[in-house]
Amino acid sequence: MTALPIPTMSLVLLVGTSGSGKSTFAARHFGRYETLSSDVFRGLVSNDENDQSATAAAFDALKHVAAQRLRAGLLTVVDATNVQPEARRDFVQLARDHDVLPVAIVLDLPEAVCIARNATRTDRVFGSDVIRRQQGQLHRGLKALGKEGFRRVHVLHGEDEVAAAEIVREPLLNDRTDEHGPFDVIGDVHGCRSELESLLGRLGWTLVRDDLGRPVDALHPEGRRAVFLGDLVDRGPDSPGVLRLVMGMVRNGHALAVPGNHEDKLVRALDGRKVQTSHGLAETLAQLAAEPDAFRDEVRDFCRALVGHLVLDDGQLVVAHAGLKEQYHGRASGRVRSFALYGDTTGESDEYGLPVRLPWADAYRGRATVLYGHTPTVDAEWINGTMCLDTGCVFGGKLSALRYPEREVVQVDAERVHHAAAKPLGPLRGPATSATEPDAADGGRASAASAGRPVATPATPRRVPGLLAIEDVTGKQIVETRHHGRIGIRAENAAGALEVVSRFAVDPRWLPYLPPTMSPVATSGRPDHLEHPDEAFAYYRGQGVDQVRAEEKHMGSRATVLLTRDPARFDAPAGWRGVVTTRTGRSFLDQADTATFLSRLDGALDAAGLWAELDSDWVLLDGEVLPWAVKAEGMIRDWYAEVGAAAAGAFPAALTALAAARDAGVDVADLLARTEHRADDAAAYTASYRRYAAPSTGIDDVRFAPFQVLAAEGRTFEDRPHGWHLGIADRLADAAPGVVRATCSVVVDVRDEASCAAGVDWWQDLTGAGGEGAVVKPEANLTRGPKGLVQPGVKVRGREYLRIIYGPEYTEPANLARLKDRDLGHKRSMALREYALGLESLARFVEGEPLWRVHQAVFGVLAMESEAVDPRL
């Protein structure tokens, strides 16, 4: 017999060619209703199991039924060939959506056996070529099953292995429903070993000490078991002592434990990964440094093996560090573990710099009692059948435990304040004025320590961090920025921006940044140019900038890409990858194309090793979407092409008539010359816009040219030189040339005449070959000059490109002289203010500030776009 272990709560895909015996295998090993057969569903929707035209409808119905079973927590088996990756992908996603584990059982039988079996079936009309094709697809995808997301893969080779296979159903690691207690559930210890010893003593436990007198275990005369709710370490005076005791109790079967977010971070630190050693981790690492290597290894292995949450006592008790809403009980996924470790967070920080957590317990209506910690409170308090047992011992509060099933709170006072709290301890509930007893509906009782004790009401109600209020953006607004001081937003501009945001922009939670406008270079002193690199180099030289980088200006559409592997970070649905937004916050592509594009870009980051390098599960990129026609096809057709078509229709006839008049002796030489010149300008205009009017037939034509990494988890990158940013772009382009386009550039020393001349030559070659132009930026990126913030970049557009901006005849001397009399002051001022607002929104976002604070700065950028300014600049 060959045992095939599968989780009791899972989605099992049978994978194999037609004739491999999947249906027979399913009937032998699984219950009547557990198996969902594609053939049966094909029959249900068409009355014919072999009607291939009904396949799409059949799988829609099958997936719907599978979803209902998974929602109910029932093991579900899919009987279909599943030999193609795209066929399996939907089912893996279905498992993730319902927080169950996907499992693959592969029946890899010889091709000849499958062909022979199908030959005996009168209901099958396809030949052996189909099976050969399926066999090839199966073998090509076998090695990739683990990468596709399957948590377990069982491959059976040949009829004997299939016949010998036996399914062994195993409970998930979090399924401890057979553990009935009684339990003593203990809240966050945070290195307070002495208080833990006192609490265990009060609970009736007897400590066991080693030869050095250190507690290494504890016994209870009534056979009770302790349950530790995580955050054993950090901030307190003796994290190793707490770990030594708890690990001994768990090892000897006297305790259970779930991990806290501090253990999760400690494991990463002990693994040598880069983590911030704040919130007490530095002290824990220092304490562990004094311990033997073997002990540190034991700590790492112990913490790593802890399961995110446990379901106990026939499902009547659930323990998790930060709590767990009912739909996640007994489930297994990264989303479930994240909730158990961190709770339901908004991704923002409050005024104390701490994560803003949503009050999930207020809406809890589950049948199980949920005990948790994580959020320090004044006292243990029942809320809808849940209780938080973190009462801030390390901050000078109490160490608390709940005796279960007795529902009795037992506490000891902290011996001293071991670590200063970032904010005063308060109740879990909002503005309640007292917490003298539990909810009557809970059927519980108040803790002895909290009975009759009033809880102070805050003097003023706190702003709900995730709430966007209209008064934040209406009327005149002042936004404080760290790089440009106070920036005012006019009321009339805010009104226009509100229209765009409320009707067209993506969800504000997914819009942490809008790109600023960019000022053109100062008007050129050369008689035949409106813009030229000379003025860009001179501007930065005057600002004390030595090195600049001239970057190719792609003829595309400005776009910001938010890409994530953790949709929960942005409070988005499972499977959500991010957004691609325009300069005004609208979604650039439709939903399907966005998903396809972001999936490809995700692969590019993975192949380039950037996810690991950035140490983040999300990234925000600034760049251009190409070709221009992806966004501007209507504008090209309605604006530029109509002008070109009119010129093409008018000038040949006019020239023919003038030539005939000249030949007839009429003096039209000057008029003919002027008309010929105008015709040449019109032809140049048509040639200019046609260079950039390549049509886009679909998502496969779309390319992204990133030129800046804006932000990732915990940091922004405006302090990185532009060479670093373009190096990232080059790596992405090398990894996925069909998705990402690199940006060519040149570094110029503005103090060196030869270097400046080389920069001009580079620009002339670029624009002469049809390029739009260049953006000249300080190589160091964010730069301050004698008078404050320096322009982050100035655009220097090519002579022929400007023809489609200013018209076919803009290069005529009289027209060019008039156009050179342009006022750039307001545009430059807008560019700097929008740049500062963009930096501010990024900083607020990565620092976890409330959504309304981030949105305030983002909205300011959009509002400033309503300023009256020449749109051609």
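What you see is a predicted model; the values in this text were computed from it and never measured.
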| request: Answer yes or no: is there a side-chain heavy-atom contact under 4.5 Å between D870 and R822? | output: no
| said: Distance check, rounded to the nearest 0.5 Å: S745 atom OG versus E552 atom CD? | reply: 9.5 Å
| query | Looking only at heavy atoms, which two atoms of F859 and A497 are closest? And how far apart? | reply | CZ-CB, 3.6 Å
| request: Would you check if K777 and P792 make a side-chain contact, meaning some heavy-atom pair closer than 4.5 Å? | output: no
| said: Between the side chains of E865 and R583, is the shortest nitrogen-to-carboxylate-oxygen separation below 4.0 Å, so that they form an ion pair? | reply: yes
| query | Got a donor-acceptor contact below 3.5 angstrom from the Y513 side chain to the L620 backbone? | reply | no
| request: Would you kindly say whether D602 and W611 are connected by a side-chain donor-acceptor distance under 3.5 Å? | output: yes
| Side-chain donor-acceptor pair under 3.5 Å between T596 and R600, yes or no? | no
| Roughly how far, to the nearest 0.5 Å, is CH2 of W763 from CZ of R799? | 9.5 Å
| field | E148 bridged to R88 by N-O distance under 4.0 Å | value | yes
| task | Spell out, as yes or no, whether a donor-acceptor pair under 3.5 Å connects the side chain of R549 to the backbone of V747. | result | no
| Under a 4.5 Å cut-off applied to non-hydrogen side-chain atoms, are P778 and Q547 in contact? | no
| said: Are Y801 and M555 packed together at the side-chain level, in the sense that at least one heavy-atom pair is separated by less than 4.5 angstrom? | reply: yes
| field | Side chain S841, main chain P512, donor-acceptor under 3.5 Å | value | yes
| field | Gap between atom CG of L605 and atom CG of L732 - 0.5 Å precision | value | 5.0 Å
| field | Whether T594 side chain and D590 backbone form a donor-acceptor pair below 3.5 Å | value | yes
| Neighbour count >12 (heavy atoms, 6.0 Å) for atom CZ, R490 | no
| task | Could you label the plane-to-plane angle of the H725 and F717 rings as parallel, tilted or perpendicular, counting under 30° as parallel and over 60° as perpendicular? | result | perpendicular
| task | Nearest 0.5 Å please: distance from the CZ atom of F704 over to the CG atom of L621. | result | 5.5 Å
| query | Is the side chain of N815 donor-acceptor paired with the backbone N or O of E809 at a distance under 3.5 Å, no angle test? | reply | yes
| note | Closest non-hydrogen contact found for L498 with V473 is CD1-CG2, 4.0 Å
| task | State the OH-CG distance between Y835 and L832, to the nearest 0.5 angstrom. | result | 9.0 Å
| For the student: nearest non-hydrogen atoms of T743 and A705, plus distance | OG1-CB, 4.3 Å
| Does CZ in R797 sit with more than 12 non-hydrogen atoms of other residues, nucleotides or ligands closer than 6.0 Å? | yes
| query | How far does OG1 of T523 sit from CG of L824, to the nearest 0.5 angstrom? | reply | 5.0 Å
| task | Compare all side-chain heavy atoms of M864 with those of L837 and state whether any distance is below 4.5 angstrom. | result | yes
| query | Going through the distances and angles, do E624 and R703 end up as a side chain to side chain contact (heavy atoms under 4.5 Å, CB included)? | reply | CA-CA 8 Å; E624 295 272 338; R703 301 292 183 270; over 6 Å; no
| message | My understanding is that only one of D622, T582, T581 makes a side chain to side chain donor-acceptor pair (under 3.5 Å) with R558; could you say which? | response | D622
| query | What is the minimum heavy-atom distance between A733 and A742, and which atoms define it? | reply | CB-N, 3.7 Å
| Where T481 and G485 come nearest, the two heavy atoms and their spacing | OG1-O, 2.7 Å
| said: If you count every heavy atom of other residues, nucleotides or ligands that lies below 6.0 Å from D719 atom CG, does the total exceed 12? | reply: yes
| Do NZ/NE/NH1/NH2 and the carboxylate oxygens of E535 and R526 come within less than 4.0 Å? | no
| said: I'd like to know if the side chain of T517 pairs up with that of K827 as donor and acceptor (distance under 3.5 Å, no hydrogens or angles considered). | reply: yes
| message | Taking the side chain as everything from C-beta on, heavy atoms only, tell me whether V748 gets closer than 4.5 Å to V760. | response | no
| query | For F570, is the NZ or CZ atom of R509 found under 6.0 angstrom from the centre of its six-membered ring and inside 45 degrees of the ring axis? | reply | no
| Do the side-chain N and O atoms of E772 and H554 include a donor-acceptor pair separated by under 3.5 angstrom? | no
| query | Checking side chain to side chain contact (heavy atoms under 4.5 Å, CB included) for the pair V561/L598: CA distance, chi angles, key distance, verdict? | reply | CA-CA 8 Å; V561 175; L598 291 178; 3.7 Å; yes
| Should the pair R565-E713 be classified as a salt bridge under the 4.0 Å nitrogen-to-oxygen rule? | no
| said: Any side-chain to backbone donor/acceptor pair from E840 onto R482? Under 3.5 Å, distance only. | reply: yes
| query | Does NZ or CZ of R569 lie under 6.0 Å from the centre of the six-membered ring of F845, at an angle within 45° of the ring axis? | reply | yes
| query | Are E800 and R803 close enough for a salt bridge, meaning some N to O gap below 4.0 Å? | reply | yes
| query | Counting only heavy atoms not in R784, do more than 12 sit closer than 6.0 Å to its CZ atom? | reply | yes
| So do V702 and D593 actually touch side chain to side chain, heavy atoms under 4.5 Å? | no
| Taking side chain as C-beta onward, heavy atoms only, is W762 less than 4.5 Å from C744? | yes
| query | Closest approach of S755 and D749, non-hydrogen atoms and distance? | reply | OG-N, 2.8 Å
| said: Pair E847, R844 - check side chain to side chain contact (heavy atoms under 4.5 Å, CB included), show working. | reply: CA-CA 5 Å; E847 290 169 6; R844 292 181 181 186; 5.6 Å; no
